[in-house]
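Contents: one structure, followed by commentary.
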Amino acid sequence: DIQMTQSPSSLSASVGDRVTITCRASQTISSYLNWYQQKPGKAPKLLIYAASSLQSGVPSRFSGSGSGTDFTLTISSLQPEDSATYYCQQSYSTFTFGPGTKVDVK
Amino acid sequence: QITLKESGPTLVKPTQTLTLTCTFSGFSLSTSGVGVGWIRQPPGKALEWLALIYWNDDKRYSPSLKSRLTITKDTSKNQVVLTVTNMDPVDTATYYCAHISAVTRGYYNYYAMDVWGQGTTVTVSS
């Protein structure tokens, strides 16, 4: 099984800050990595697929990078509505989610 | 417009079998490259992928739950059904179904869950 880890588990940042979340896979997964945003009481929303492709309708302040085992999600200028939990997910071998990173906007 | 909606019991007793139905619209599960997956989330915890079924009836299960899961599709009804046997209180969670799509780049297909249902909450208690 492919295991996913994320860091940090939570963070607090101010409006306008640049925020980076890291995701690591237990084995190489090429670019088979997706990112989701989940707000309390809501279903997850796809942000990034194939490591770096922005899903239609997602603001351009979100970006993804990486390949192999190490990946990052960057929010270039944090907005109040970005307060949420972010999950990475590998799709190299079925699916596995990471443990999530909770982002709080001060 | 793709939509999905989960339905099933809100309360089940320990040892019972849970049957959940995902009813969808806006796509066909007979279209190449398309799939439907099930994911759950215990209260306050992370997402956990459970199972998926593709247009060609290829079925995959989470290794940790494989012995307890069965996924099937009814293409004519636009439904996917997940059964979970021997339910336990630790199975208390919100259960989601999601549309799985593929983006092809060269020789490779990249899959993602691009549309989700609203989720249904299942509590396991006697």
Side-chain angles (χ1 to χ4, degrees), chain A residues 1-10 21 23 25-26 28-58 62 64 66-67 71 73 84-102, chain B residues 1-6 22 24 33-54 58-66 69 71 93-121:
Chain A
D1 302 3
I2 299 175
Q3 308 301 319
M4 308 299 293
T5 57
Q6 288 182 235
S7 61
S9 57
S10 65
I21 299 169
C23 175
S26 60
T28 183
I29 58 170
S30 184
S31 296
Y32 292 89
L33 193 284
N34 306 315
W35 289 97
Y36 298 84
Q37 175 194 64
Q38 186 181 33
K39 297 183 178 180
K42 300 294 187 182
K45 172 187 174 183
L46 178 65
L47 298 177
I48 302 284
Y49 62 92
S52 60
S53 295
L54 193 67
Q55 175 69 353
S56 176
V58 174
F62 292 93
S67 68
F71 302 86
L73 173 70
T85 300
Y86 293 84
Y87 294 93
C88 63
Q89 178 202 54
Q90 67 82 16
S91 60
Y92 180 85
S93 174
T94 57
F95 294 98
T96 310
F97 289 94
T101 295
K102 186 174 182 180
Chain B
Q1 178 194 5
I2 292 174
T3 64
L4 306 97
K5 188 172 185 179
E6 307 86 351
C22 176
F24 56 85
V34 172
V36 171
W38 283 95
I39 307 94
R40 72 179 181 181
Q41 185 172 39
K45 296 190 176 182
L47 300 166
E48 177 184 21
W49 170 72
L50 300 177
L52 65 82
I53 189 165
Y54 286 115
D58 183 13
K59 303 170 186 178
R60 306 294 174 96
Y61 298 100
S62 166
S64 62
L65 292 164
K66 185 175 183 177
L69 301 175
I71 190 169
T94 297
Y95 287 75
Y96 296 98
C97 62
H99 174 265
I100 299 171
S101 64
V103 171
T104 300
R105 291 186 180 161
Y107 299 107
Y108 306 105
N109 289 325
Y110 294 88
Y111 290 92
M113 299 174 178
D114 59 350
V115 184
W116 293 60
Q118 63 189 24
T120 187
T121 301

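Because the structure is a prediction, the values reported are computed rather than measured. Convention: sequence-line order gives letters A, B, ...; per-chain numbering from 1.
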Q. What part of P99(A) gets closer than 4.5 Å to chain B, counting heavy atoms only: side chain, backbone, both or neither?
A. backbone
Q) chain A heavy atoms under 4.5 Å from Y111(B): which part of the residue, side chain, backbone, both or neither? A) both
Q | Residue part contacting chain B, namely of S31(A), when any heavy atom lies under 4.5 Å | A | both
Q | Exercise: identify the closest heavy-atom pair between Y96(B) and Q38(A) | A | OH-NE2, 3.4 Å
Q: Could you have a look at Y110(B), Y108(B), Y61(B) and say which one has the most heavy-atom pairs with chain A under 4.5 angstrom?
A: Y110(B)
**Q.** Test log, rule side chain to side chain contact (heavy atoms under 4.5 Å, CB included), inputs L47(B) and Q89(A)
**A.** CA-CA 10 Å; L47(B) 300 166; Q89(A) 178 202 54; over 6 Å; no
Q: Please state whether the side chain, the backbone, both or neither of Q41(B) comes within less than 4.5 Å of a heavy atom of chain A.
A: side chain
Q. For the residue pair G117(B) and A43(A), what are the closest heavy atoms and their distance?
A. O-CB, 3.3 Å
Q. Measuring heavy-atom distances to chain B, does Y92(A) have an atom under 4.5 Å in its side chain, in its backbone, in both, or in neither?
A. neither
Q: Among the options P44(A), S91(A), G100(A), pick out the one with the most heavy-atom pairs lying under 4.5 Å from chain B.
A: P44(A)
**Q.** Contact summary for N109(B) and Y32(A), nearest pair of heavy atoms
**A.** O-CE2, 3.1 Å
Q. Does the Y49(A) side chain pair with the main chain of V103(B), one donor and one acceptor, at a distance under 3.5 Å?
A. no
Q: Take N34(A) and M113(B) through the test side chain to side chain contact (heavy atoms under 4.5 Å, CB included) and record every step on the way to the result.
A: CA-CA 9 Å; N34(A) 306 315; M113(B) 299 174 178; over 6 Å; no
Q: Counting only heavy atoms closer than 4.5 Å, note whether D58(B) contacts chain A via side chain, backbone, both or neither.
A: neither
Q. Are I39(B) and F95(A) close enough that some pair of their side-chain heavy atoms sits under 4.5 Å apart?
A. no
